[in-house]
Amino acid sequence: MADEKKLTGRDEDYSAWYNEVVLRGELADYSPVRGCMVIRPYGYRLWELMRDQLDRRFRETGHQNAYFPLFIPQSFLSREAEHVEGFAKEMAIVTHTRLKAGPDGGLVPDPESRLEEPLVVRPTSETIIYEMFAKWVQSYRDLPLLINQWANVVRWEMRTRLFLRTTEFLWQEGHTAHATHQEAEEESRRMLGVYREFMEEWMGMPVVTGRKSPSETFPGADHTYACEAMMQDNRALQAGTSHHLGQNFSRQFNLKFATESGAEEYAYNTSWGTSTRMVGGLVMTHSDDAGLVIPPRLAPIQVVIVPIARKDDEWQTVLEKALSVAAALPGVRTHVDDRRNLTPGAKFYEWEIRGVPFRIEVGPKDIEKQQLVLARRVVADGEARKEFLPEAEVLNSLPARLEDFQEWLLMRARERRESNSYRGVTSYDEFRQIIEGPGGFVYTGWCGGSSCEERVKEETRATIRVIPDEEFRSVETPKGCVVCGQPATAEVVWARSY
RNA sequence: CGGGACGUAGCGCAGCCCGGUAGCGCACCUGAAUGGGGUUCAGGGGGUCGCGGGUUCAAAUCCCGCCGUCCCGACCA
């Protein structure tokens, strides 16, 4: 029976392991609607903590929140040709506004209520937002216009997976309008940097940043930047994107402004987004065979305190001590597990599967010795799982220990990524052996041709994740394309992805 | 839309081949003892066996049809 409670091992079946960790960690649950997800309170709190951090950064960089409609007139989508082509195949469409009794006793849409123009449920909001921007912008003095929206969107994907690809998901989409190409370019780079900083410093999830190849560019964008993280099965996860839209949308939505010299010009737009998918990335970056591992800065509960007692009179004393320990940790998100009907061991397992960074145990023996038992969710090889420390030391050192653990998780993830990255690969055979074997990030030269990219995708299911930014590039300039051998125009990162 | 599997209690499953009182584990409820790594014992509640039809004295079990779910592909800004 103990076996039943164990998780599927990470290395045995990664998908099953991931699902179990998410479900049993109580982040989310399946919903009656296929492909949709219920985010449970614990998972939602985690999302709120992420959201608050990002939102603060958006405000610090001059953005304001606003809200736009869920429904978009179908015709809006079709104004930008590439945009509609990219999204047309995964859309939910509203065509009627009433139901009536059908011939079989069930309900059918009332034909008389058919909408003249169908509404699509937003898969992203560029069209409706730039329609509004066009009304708001008259002069260069109205620019830049820096808006962000927290919302839900719907994309009717064929196959879904908790947090990583759900039919409906929560996200944030920033939309901006600028007077010049350069300003828009700076904006899209700036917001990519905001994402990267958040992912590394708060999620402990290192990312490779760079530009997308044309085939992976957002439909309607001039070019797209992205943050790519490596999961524990060595596949890539696109965790955030930032698009420079050029004047593609402003031309279609008539978003014009008067310049200083009185001339009329189309604005330059950017859009950028991150979603609840980041929660999945967090899970697949740190968690282990015992369950979730949540970095301290984002953990809904940072320290759980478990009182331990045999008899009722002991319980009162021990519980009071547990509460006083919690009170002595201001600014730390603590939780005292005062449930009387569970054994301590059962509680330990439960808080481990929920990824709480630190656990403090308080028993009669500890009170006597003025000590506490401290356990970190994950320790380095060879380190003790539990420490018996004087109470004062635990209280004084906890804030620093939380920060240490945060840093340690990032470092561990970075080391894992680097040991599964292959630089300077020149032979296609070697390339295939890596992708089809252990997997990982493979850095090679690329001629820039889409046919080489397509061939790799067909043969290995790997794609170009990014044309990496300078700091991620290997030292030598790539000599030739790993596929066709022609002169390379850039170094690229290949991987199988989610 | 192709290939494969599965549908029995909230969850995980056995039973089906060979038709005959619907079972097990976990979870849940009650009581007692327990409590420093998944406590133990005793008692209890919970089911149109995915749906429809057929064969039969009798169907979870055999036959036919349908529906649904999952996995692998295709798809995935």
Side-chain angles (χ1 to χ4, degrees), chain A residues 1-8 13-16 19-20 23-24 29-30 32-35 77 80 82-91 122-127 153-161 164-167 169 171 173 212-221 223-226 235-243 245 271-275 277 290-291 306-312 314-315 318 337 339-353 359-369 371-375 385-386 388 457-458 461 463 496-498:
Chain A
M1 62 180 181
D3 293 342
E4 279 200 356
K5 297 189 171 179
K6 268 175 81 178
L7 286 168
T8 304
D13 185 339
Y14 198 76
S15 300
N19 285 333
E20 272 185 71
L23 293 169
R24 288 183 47 200
D29 203 350
Y30 297 114
V33 183
R34 191 198 160 277
L77 264 294
E80 217 291 338
E82 286 184 16
H83 191 63
V84 68
E85 203 192 316
F87 285 105
K89 284 178 282 184
E90 48 182 53
M91 208 83 86
R122 61 179 165 218
T124 180
S125 307
E126 274 76 6
T127 55
V153 286
V154 166
R155 297 180 188 178
W156 216 266
E157 305 282 1
M158 288 178 175
R159 275 180 76 190
T160 60
R161 219 143 127 44
L164 300 179
R165 185 174 297 109
T166 46
T167 301
F169 56 95
W171 80 343
E173 50 183 321
K212 287 287 183 183
S213 68
S215 75
E216 299 267 329
T217 295
F218 177 75
H223 55 274
T224 290
Y225 298 106
R235 286 170 71 182
L237 182 76
Q238 178 175 298
T241 49
S242 183
H243 317 291
L245 304 173
S271 68
W272 26 275
T274 60
S275 70
R277 174 181 254 202
V306 180
I308 295 160
R310 286 168 195 275
K311 305 171 203 127
D312 280 344
E314 277 179 354
W315 176 258
V318 155
D337 189 348
R339 288 173 297 177
R340 197 73 175 93
N341 58 335
L342 285 180
T343 60
K347 292 180 183 177
F348 298 166
Y349 280 100
E350 185 178 319
W351 294 114
E352 273 164 18
I353 206 169
R359 178 182 74 235
I360 292 174
E361 303 169 24
V362 200
K365 285 180 247 169
D366 305 311
I367 294 177
E368 204 177 294
K369 296 183 196 167
Q371 68 170 21
L372 293 170
V373 178
L374 183 67
R385 294 187 61 201
K386 278 191 189 186
F388 298 77
K457 188 173 182 181
E458 267 173 40
R461 280 161 47 214
T463 49
R496 284 183 182 164
S497 76
Y498 278 97

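To find a chain, count down the sequence lines: A is the first, B the second, and so on, and within it residues start at 1.
- Rounded to whole Å, atom P of G38(B) lies 13 Å from atom CG of Leu342(A).
- Base pairing of C49(B) is not made with any nucleotide, judged by Watson-Crick or G-U wobble geometry with both donor-acceptor distances under 3.5 Å.
- Figure legend. A58(B) is base-paired to no nucleotide; pairs are counted as Watson-Crick or G-U wobble with both atom distances under 3.5 Å.
- With G36(B), A74(B), G38(B) as the choices, the nucleotide that has an atom nearest any side-chain atom of Pro344(A) turns out to be G36(B).
- Residue contacts shown for Glu216(A) are absent, as no nucleic acid heavy atom lies under 4.0 Å away.
- Among the atoms of the strands shown, base atoms are found under 4.0 Å from some heavy atom of Pro364(A).
- Within the nucleic acid shown, Thr217(A) comes within 4.0 Å of sugar-phosphate atoms alone, with no base atom in reach, counting heavy atoms only.
- Using a 4.0 Å heavy-atom distance criterion, Ala221(A) is classed as making no nucleic acid contact.
- Among the heavy atoms of the strands lying under 4.0 Å from Arg385(A) is at least one base atom, whether or not backbone atoms are also near.
- If you measure from atom CG of Asp29(A) to atom P of C11(B), you get 10 Å, rounded to the nearest angstrom.
- For Lys89(A), the listed nucleotide lying nearest its side chain is C75(B); candidates were G38(B), C75(B), G36(B).
- Using the Watson-Crick or G-U wobble rule with both distances under 3.5 Å, C1(B) pairs with G73(B).
- Here Asp366(A) pairs with nothing under the salt bridge (Lys or Arg N to Asp or Glu O under 4.0 Å) rule; sequence neighbours left out.
- Of the candidate nucleotides G36(B), C76(B), U39(B), U39(B) has the atom nearest to the side chain of Ala346(A).
- Evaluation of Phe348(A) against the base of G37(B) yields no stacking contact (centre distance < 5.5 Å, interplanar angle < 30° required).
- Between C76(B), G38(B), G36(B), one nucleotide has an atom nearer to the side chain of Arg165(A) than all others, and that is C76(B).
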| query | So Arg24(A) and Glu20(A), salt bridge (charged side-chain N to carboxylate O under 4.0 Å, His left out) or not? Walk me through it. | reply | CA-CA 6 Å; Arg24(A) 288 183 47 200; Glu20(A) 272 185 71; 3.7 Å; yes

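- Rounded to an integer number of Å, the gap from Arg310(A) CZ to U40(B) C1' is 15 Å.
- Using a cut-off of 4.0 Å between Lys/Arg side-chain N and Asp/Glu carboxylate O, Asp337(A) and Arg359(A) are scored as not salt-bridged.
- Aromatic ring centres of His83(A) and Phe218(A): separated by under 6.0 Å.
- In this structure, Trp315(A) places its CH2 atom 13 Å from C1' of U34(B), rounding to the nearest Å.
- Within the nucleic acid shown, Phe169(A) comes within 4.0 Å of at least one base atom, counting heavy atoms only.
- Base engagement by Lys386(A) is indicated by at least one non-hydrogen atom pair under 4.0 Å involving a base atom.
- Base pairing annotation: C41(B) forms a Watson-Crick or G-U wobble pair with G31(B), both donor-acceptor distances under 3.5 Å.
- Residue Glu458(A) contributes atom CD, which lies 16 Å from atom C1' of C76(B) at whole-angstrom precision.
- Every residue two or more places apart in sequence or in another chain that forms a salt bridge (Lys or Arg N to Asp or Glu O under 4.0 Å) with Lys386(A) is listed here: Glu361(A).
- Note on Thr343(A): a side-chain N or O is less than 4.0 Å away from OP1 or OP2 of U39(B).
- The side chain of Glu157(A) approaches C76(B) more closely than any other nucleotide in the set A74(B), G36(B), C76(B).
- The partner of G7(B) is C67(B), judged by Watson-Crick or G-U wobble contacts that both fall below 3.5 Å.
- Straight-line distance between the P atoms of C62(B) and C18(B): roughly 9 Å, to the nearest whole Å.
- Counting non-hydrogen atoms under 4.0 angstrom, Glu352(A) reaches a base of the nucleic acid.
- C75(B) and A9(B) have their P atoms separated by 37 Å, given to the nearest Å.
- Using Watson-Crick or G-U wobble geometry with both donor-acceptor distances under 3.5 Å, G19(B) finds no partner in any strand shown.
- With rounding to whole Å, Arg340(A) atom CZ is found 14 Å from A32(B) atom C1'.
- Nucleic acid contact class of Lys311(A) (heavy atoms, under 4.0 Å, all strands): none.
- Between Glu350(A) and Arg339(A) there is a salt bridge, since at least one side-chain N of the basic residue sits less than 4.0 Å from a carboxylate O of the acidic one.
- Each of G35(B), G36(B), G37(B) was ranked by its minimum atom distance to the side chain of Arg359(A); first place goes to G37(B).
- The residue Gly86(A) sits apart from the nucleic acid: no heavy atom pair falls under 4.0 Å.
- Here Arg461(A) lies in heavy-atom contact (under 4.0 Å) with sugar-phosphate atoms only.
- Only the C1' atoms considered, A74(B) is 32 Å distant from C64(B), to the nearest whole Å.
- Listed for the Arg277(A) side chain is a donor-acceptor partner under 3.5 Å among the backbone atoms of Gln238(A).
- When heavy atoms are screened at a 4.0 angstrom cut-off, Val373(A) is found touching base atoms of the nucleic acid.
- For the residue pair His223(A) and Thr217(A), no side-chain donor N or O sits within less than 3.5 Å of a side-chain acceptor on the partner.
- Rounded to whole angstrom, the span from the CZ atom of Phe87(A) across to the P atom of C75(B) amounts to 17 Å.
- Remark: G12(B) base-pairs with C24(B); criterion is Watson-Crick or G-U wobble with both hydrogen-bond distances under 3.5 Å.
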